[in-house]
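All figures in this text were calculated on a predicted structure; none of them were measured in a lab.
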Amino acid sequence: MPNIKSSTDLRNNYNEISKFCHESREPIFITKNGQGDLAVMSIETYEMLNGKLELYRLLDEGRAAVKEGRKRPLADVMRDIRQDVADGEI
């Protein structure tokens, strides 16, 4: 269940919110005038999330490259190298 606080809570209880974010590694959602406004998280959680997004982007790029014939799957490359070694070509 998401942890939701008001912007007033953020202003008045910053240390408590910071501690929660660091210990739980979960974001806190901040509302302003009763509407969602911000998501607050520790820098460690942000960097981990950003790293995952970058990994997903790279995986997607790799899948597209294989599909388009610009790259080959690692298993195919390794099979060809092993065959070349067995044939004495390498």
Side-chain angles (χ1 to χ4, degrees):
M1 178 172 216
N3 197 331
I4 301 170
K5 303 279 185 187
S6 69
S7 57
T8 302
D9 285 337
L10 177 62
R11 183 177 55 248
N12 295 335
N13 301 309
Y14 176 84
N15 289 333
E16 176 187 314
I17 289 173
S18 175
K19 183 178 177 183
F20 174 86
C21 288
H22 284 280
E23 290 177 355
S24 71
R25 295 186 167 196
E26 295 289 326
I28 292 182
F29 299 96
I30 305 296
T31 62
K32 182 177 178 182
N33 299 322
Q35 299 293 317
D37 187 47
L38 300 171
V40 177
M41 64 183 76
S42 70
I43 193 71
E44 295 86 4
T45 301
Y46 172 79
E47 288 173 349
M48 183 180 69
L49 180 61
N50 229 24
K52 285 181 181 180
L53 290 173
E54 177 65 9
L55 175 61
Y56 296 153
R57 185 191 66 75
L58 291 170
L59 288 170
D60 190 51
E61 184 180 299
R63 287 186 189 118
V66 168
K67 189 175 183 179
E68 295 167 6
R70 295 183 286 124
K71 303 286 182 191
R72 297 183 334 166
L74 177 62
D76 293 353
V77 172
M78 293 305 296
R79 183 191 64 236
D80 292 348
I81 290 172
R82 287 185 186 100
Q83 187 61 51
D84 289 348
V85 168
D87 293 344
E89 295 177 21
I90 296 181

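- When the side chains of ILVMFWY residues are joined at heavy-atom separations under 4.5 Å, either directly or via intervening members, Leu10 and Phe20 end up in a single hydrophobic cluster.
- Across every non-hydrogen atom of Arg70 and Glu61, the tightest pair is NH2-O, 4.4 Å.
- With hydrogens and angles ignored, the 3.5 Å screen pairs no side-chain donor or acceptor of Ser18 with any backbone N or O of Tyr14.
- In this view, Gln83 and Asp87 satisfy the side chain to side chain donor-acceptor pair (under 3.5 Å) rule, not counting sequence neighbours.
- By the neighbour-count criterion of 12 heavy atoms within 6.0 Å, atom CZ of Arg72 is densely surrounded, having more than that number from other residues, nucleotides or ligands.
- Ion pair Arg63/Asp60 not flagged as a salt bridge, since none of the NZ, NE, NH1 or NH2 atoms sits closer than 4.0 Å to an Asp/Glu carboxylate oxygen.
- Nearest heavy-atom pair across Cys21 and Met41 is SG-CA, 4.1 Å.
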Going by atom type alone, with no hydrogens or angles, which donor-acceptor pairs under 3.5 Å involve a side-chain atom of residues 42-56 and a protein atom two or more places apart or on another chain?
unit_1 : atom_1 : unit_2 : atom_2 : d
Ser42  : OG     : Glu44  : OE1    : 3.4
Ser42  : OG     : Thr45  : N      : 3.1
Ser42  : OG     : Thr45  : OG1    : 2.9
Glu44  : OE1    : His22  : ND1    : 3.3
Glu54  : OE1    : Arg57  : NE     : 3.1
Glu54  : OE2    : Arg57  : NH2    : 2.7

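- Linking Ile, Leu, Val, Met, Phe, Trp and Tyr whenever their side-chain heavy atoms come within less than 4.5 Å puts Leu38 and Ile28 in one cluster.
- Here the closest heavy-atom approach between residue Thr31 and residue Ile4 is recorded as CG2-CG2, 3.6 Å.
- Considering CG of Leu74 and CD1 of Ile81, their distance stands at 8.5 Å, rounded to 0.5 Å.
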- Message: Assess the residue pair Asn3 and Glu26 against the criterion (side chain to side chain contact (heavy atoms under 4.5 Å, CB included)); give the C-alpha distance rounded to whole Å, side-chain angles, the decisive distance to 0.1 Å, and a yes or no.
- Response: CA-CA 8 Å; Asn3 197 331; Glu26 295 289 326; over 6 Å; no
